[in-house]
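Starting from 1, each residue takes its place in the sequence as its number. Counting starts at 1 for both ligands and their atoms, in listed order.
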Amino acid sequence: MKLTYDALILAGGRGTRLGGKDKGWVMWSGMPLVEHALSALSKQEPPPARILISANRNVDAYKQTGHAVVTDERQNFAGPLAGIEAGLMRCKKNNLLVIPCDVPLLPSNLYERLQQSLTDHPESLAAYAVTSEGPQPLCCLIKPSVAAALGKQLDAGHGQVLEWMTAIHAVQVMFDDAAAFINFNTPEAFQAQRNPS
Ligand SMILES: Nc1nc2c(ncn2[C@@H]2O[C@H](COP(=O)(O)OP(=O)(O)OP(=O)(O)O)[C@@H](O)[C@H]2O)c(=O)[nH]1
């Protein structure tokens with residue numbers, strides 16, 4: 001029997017390196033990044049039972065995608081973990097696949113590989129992607145039972161994602177295709193990808 005899971009698209013950041021733009025609505029290859037993220041999720045096998053969008057601006061526009069929008073409980077852009085915390089408040093049963101909105105080329109086996117690794121390591125609370133370019137801790141699958149520990153971590157002022165993943169002994173899952181995890185977070189990154197094949 002295949003497991004059911006939910007997904008969370010992180011689109012709640014400041015977008016400072018893109019001049020403060022709301023990254024989910026920045027266009028690339030004919031679509032806003034949030035639509036690329038939705039497309040990447042629809043290609044997962046199986047696709048998520050439910051998709052949540054973590055956003056702190058343009059909430060009504062995100063709702064127009066037809067998915068539930070979750071805003072951070074913490075003020076002033078406390079970072080991606082604050083978005084994950086708010087997502088987990090709405091997802092108490094299923095594992096949660098987290099993806100950032102600014103990684104539009106994600107592989108279609110992201111969920112399958114991360115879930116397999118959690119199945120292989122049942123004691124683990126999370127699994128995240130790693131490529132030859134380094135860890136990609138925001139491309140992760142987490143168990144809902146981690147919510148309380150995450151809240152405490154944030155209360156203590158520790159917002160670093162990799163630090164948290166290390167603290168909870170998350171499993172690393174190696175993906176060969178580093179290009180699939182390219183982060184579109186600077187004007188240069190968009191420029192470099194202007195003509196995708
Ligand atoms: N919910 C939520 N998501 C965030 C927050 N900060 C960053 N993110 C998301 O986390 C992912 C990685 O974000 P970063 O690139 O580190 O930060 P950013 O704010 O998007 O961009 P910069 O300000 O240029 O660093 C993106 O998908 C962001 O939308 C936050 O405070 N809350």
Exercise for review: Hey, can you tell me if Y62 and W25 have their rings parallel, tilted or perpendicular (30° and 60° cut-offs)?
Suggested key: tilted
Review point. Is there a chain of hydrophobic side chains (I, L, V, M, F, W, Y, each step under 4.5 Å between heavy atoms) that links L10 to L33?
Key: no
Point to revise | Donor-acceptor side-chain pairing of D102 and N185 below 3.5 angstrom | key: no
Check your understanding: Will you find, in the side chains of N95 and Q115, an N or O donor that is under 3.5 Å from an N or O acceptor?
Key -> yes
Check your understanding: Side chains of Y111 and E45: is there a donor and an acceptor less than 3.5 Å apart?
Key -> no
Review point. So does R14 pair up with D22, basic N to acidic O under 4.0 Å?
Key: no
Point to revise | Residues in the immediate environment of ligand 1 (any heavy atom closer than 4.0 angstrom) | key: L10, A11, G12, G13, R14, G15, T16, R17, K23, S54, N56, D72, F77, A78, G79, P80, G83, P100, C101, D102, L138
